[in-house]
Enquirer: 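Dumping the structure here so I can ask a few things about it.
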2 protein chains.
Amino acid sequence: MQDQKDLKNAGLKATLPRLKVLSLFENSKERHLSAEDIYKVMINSGEDVGLATVYRVLTQFEQAGLLIRHHFESGKAVFELNTGGHHDHIVCVKCGRVEEFYDAEIEKRQESASAKLGFKMQDHSLTIYGICDKQPCANKN
Amino acid sequence: MQDQKDLKNAGLKATLPRLKVLSLFENSKERHLSAEDIYKVMINSGEDVGLATVYRVLTQFEQAGLLIRHHFESGKAVFELNTGGHHDHIVCVKCGRVEEFYDAEIEKRQESASAKLGFKMQDHSLTIYGICDKQPCANKN
DNA sequence: AGCGAAGCGAAAAACACTGTCATTGTTAAT
DNA sequence: ATTAACAATGACAGTGTTTTTCGCTTCGCT
């Protein structure tokens, strides 16, 4: 019900694919999902959805400010619910797990770096790549 | 001559396409080049090179540590000569111009953020997107 | 010079994503 | 509730970037 309102507020009709995608982000354990991820889950749960629709819906949600698109280095885009608070990401290069962090001093220094080079900062993306402490990733390298 | 040695040290035969690509990075005014950029320059200067070779060579150079690959948000990879000194990037979303900067405090804080979340940091990428002060980008938005 | 491995260009394939289009679904006005 | 307008959908073809495959050529060690 709330999702329907969210879509209306964003100027989008409350269609089945859109409601399903939205609820998927809200209920999924994993905050960061790719178009392919979403498509697979929907197909496996019996929805009759097309991949093009998933891509369309994700783009619309991004434009409406409901989702944020990230690229990381994997070559495919992943999305997460826009909960308002900005944060940066740290991605495990072994298992793909994503954690979030925020550092006010880093944010501030990005602003001044931009200004110093004559850029009007619009956006930024800071992603750390590392190996997480969960098994089996913790074992070396 | 130095390039030949660089390639040998990297375990790569000193072939014409490889020497040409390497010299292109060393002599080009623009530090950041895409596969397509390189291919076009080579074709225009009369080389009989294939796009596949350019991609192969760029990947080999990356693995050999001669080049660094970046993705930024444009959908295509760009490469730059690995001169040893780490730096971050600021990209103009209007004209694609890329500038570089370095902030020791930001670097330090990334390390501690990783440690706090139980990650062993391997790499990181900080890219700021903005609008540069050159014409015509400076005009608004 | 001769040999085997490495490298090449061209073409086809893989991959993520976008465009097109006939059909279906949603919404606002009756 | 019905309906009419048109927005949204699924199937599928098409893009743009990058990778793979393949037969031929070149390299570099002897």
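Residue numbers begin at 1 in each chain, while the letters A, B, ... track the order of the sequences. These numbers come from the heavy atoms of this one structure, side chains and all, not from hydrogens, waters or symmetry mates.
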Enquirer: Is any NZ, NE, NH1 or NH2 atom of the basic residue among E100(B) and R31(B) found under 4.0 Å from an Asp or Glu carboxylate oxygen of the other?
Expert: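 Between R31(B) and E100(B) there is a salt bridge, with a charged N closer than 4.0 Å to a carboxylate O.
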Enquirer: Going by atom types only, do H87(A) and E80(A) share a side-chain donor-acceptor pair under 3.5 Å?
Expert: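 On atom types as modelled, these side chains qualify, holding a pair under 3.5 Å.
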Enquirer: List the steps, then state whether salt bridge (charged side-chain N to carboxylate O under 4.0 Å, His left out) holds for E107(B) with R109(B).
Expert: CA-CA 6 Å; E107(B) 302 294 323; R109(B) 283 172 174 269; over 6 Å; no
Enquirer: Check this for me: does the side-chain of R56(A) come within 3.5 Å of the base of dG10(D) through a donor and an acceptor?
Expert: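 When only heavy-atom distances are counted, R56(A) does reach the base of dG10(D) through a donor-acceptor pair under 3.5 Å.
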Enquirer: Picking from dG10(D), dT18(C), dC17(C), which would you name as closest to the side chain of P17(A)?
Expert: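 Within the option list, the nearest is dG10(D).
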Enquirer: With the side chain of A35(B) defined as its heavy atoms from C-beta on, choose the nearest nucleotide among dT18(D), dT19(D), dT9(D).
Expert: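 Nearest to the side-chain atoms of A35(B), counting from C-beta on, is dT18(D).
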Enquirer: Given atom CD of E47(A) and atom P of dA8(D), what is their separation to the nearest angstrom?
Expert: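 My rounded result for the distance is 18 Å.
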Enquirer: Reading DNA chain D from 5' onward, which residue's closest nucleotide shows up sooner: L12(A) or H71(B)?
Expert: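 Checking each residue's closest nucleotide, the 5'-ward one belongs to L12(A).
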Enquirer: Base, sugar-phosphate, or nothing: which does T15(B) touch, judged by heavy atoms less than 4.0 Å apart?
Expert: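 Contact class for T15(B): sugar-phosphate only.
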Enquirer: How long is the straight-line distance from CG of D88(A) back to CD1 of I128(A), given to the nearest 0.5 Å?
Expert: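 It is 8.0 Å, given to the nearest 0.5 Å.
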Enquirer: Tell me: CG of L22(A) to C1' of dA8(D), nearest whole Å?
Expert: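 From L22(A) CG to dA8(D) C1': 17 Å.
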Enquirer: Separation of Y39(A) atom OH from dC12(D) atom C1', in whole Å?
Expert: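 So the OH-C1' distance, Y39(A) to dC12(D), works out to 12 Å.
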Enquirer: Consider the side chain of A52(B), meaning its heavy atoms from C-beta on, and name the nucleotide among dG7(C), dA11(C), dT9(D) that approaches it most closely.
Expert: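 Of the candidates, dA11(C) comes closest.
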Enquirer: Distance check needed: dT27(C) P versus L19(A) CG, whole Å only.
Expert: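 Interatomic distance, CG of L19(A) to P of dT27(C): 9 Å.
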Enquirer: Whole-Å distance between dA8(D) C1' and L58(A) CG?
Expert: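 Value for this atom pair: 15 Å.
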Enquirer: In whole angstroms, how far is the C1' atom of dT15(D) from the NZ atom of K76(B)?
Expert: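 These atoms are roughly 13 Å apart.
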Enquirer: Measure CD/Q60(B) against C1'/dT18(D) and give the value in whole Å, please.
Expert: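 Between C1' of dT18(D) and CD of Q60(B): 14 Å.
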Enquirer: Which nucleotide in the set dT20(C), dT18(D), dG28(D) lies at the smallest distance from any side-chain heavy atom of K8(B)?
Expert: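 The answer is dG28(D).
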Enquirer: Hey, which of these two, R69(B) or A14(B), hits DNA chain D nearer its 5' end, going by closest nucleotide?
Expert: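 Checking each residue's closest nucleotide, the 5'-ward one belongs to R69(B).
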Enquirer: Measure from the side-chain heavy atoms of A77(B) and tell me the nearest of dG28(D), dT18(D), dT26(C).
Expert: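 For A77(B), the side-chain atoms sit closest to dT18(D).
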Enquirer: Using whole Å, what does the distance between atom P of nucleotide dG19(C) and atom CG of L51(A) come to?
Expert: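 One finds 14 Å between P of dG19(C) and CG of L51(A), rounded.
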Enquirer: On DNA chain C, check which nucleotide each of L16(A) and Y55(A) is closest to and give me the residue with the more 5' one.
Expert: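 It is Y55(A) whose nearest nucleotide is closer to the 5' end.
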Enquirer: Among the candidates dG10(D), dT9(D), dA10(C), find the nucleotide nearest to the side-chain atoms of V49(A).
Expert: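 Nearest to the side-chain atoms of V49(A), counting from C-beta on, is dG10(D).
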Enquirer: Look at the side chain of K13(A) and decide which nucleotide, out of dT17(D), dT27(C), dG7(C), has an atom nearest to it.
Expert: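 The nucleotide sitting nearest to the side chain is dT27(C).
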Enquirer: When you check the gap from the basic side-chain N to the acidic O, do K108(B) and E105(B) get nearer than 4.0 Å?
Expert: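 Yes, this pair counts.
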Enquirer: Might you point out which heavy atoms bring G50(A) and Y39(A) nearest each other, and give the distance in Å?
Expert: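 Heavy atoms of G50(A) and Y39(A) come nearest at C-CE1, 3.8 Å.
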Enquirer: From the list dG7(C), dT19(D), dA11(D), which nucleotide is the closest neighbour of the side chain of R18(B)?
Expert: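 Of all the options, the side chain of R18(B) is nearest to dG7(C).
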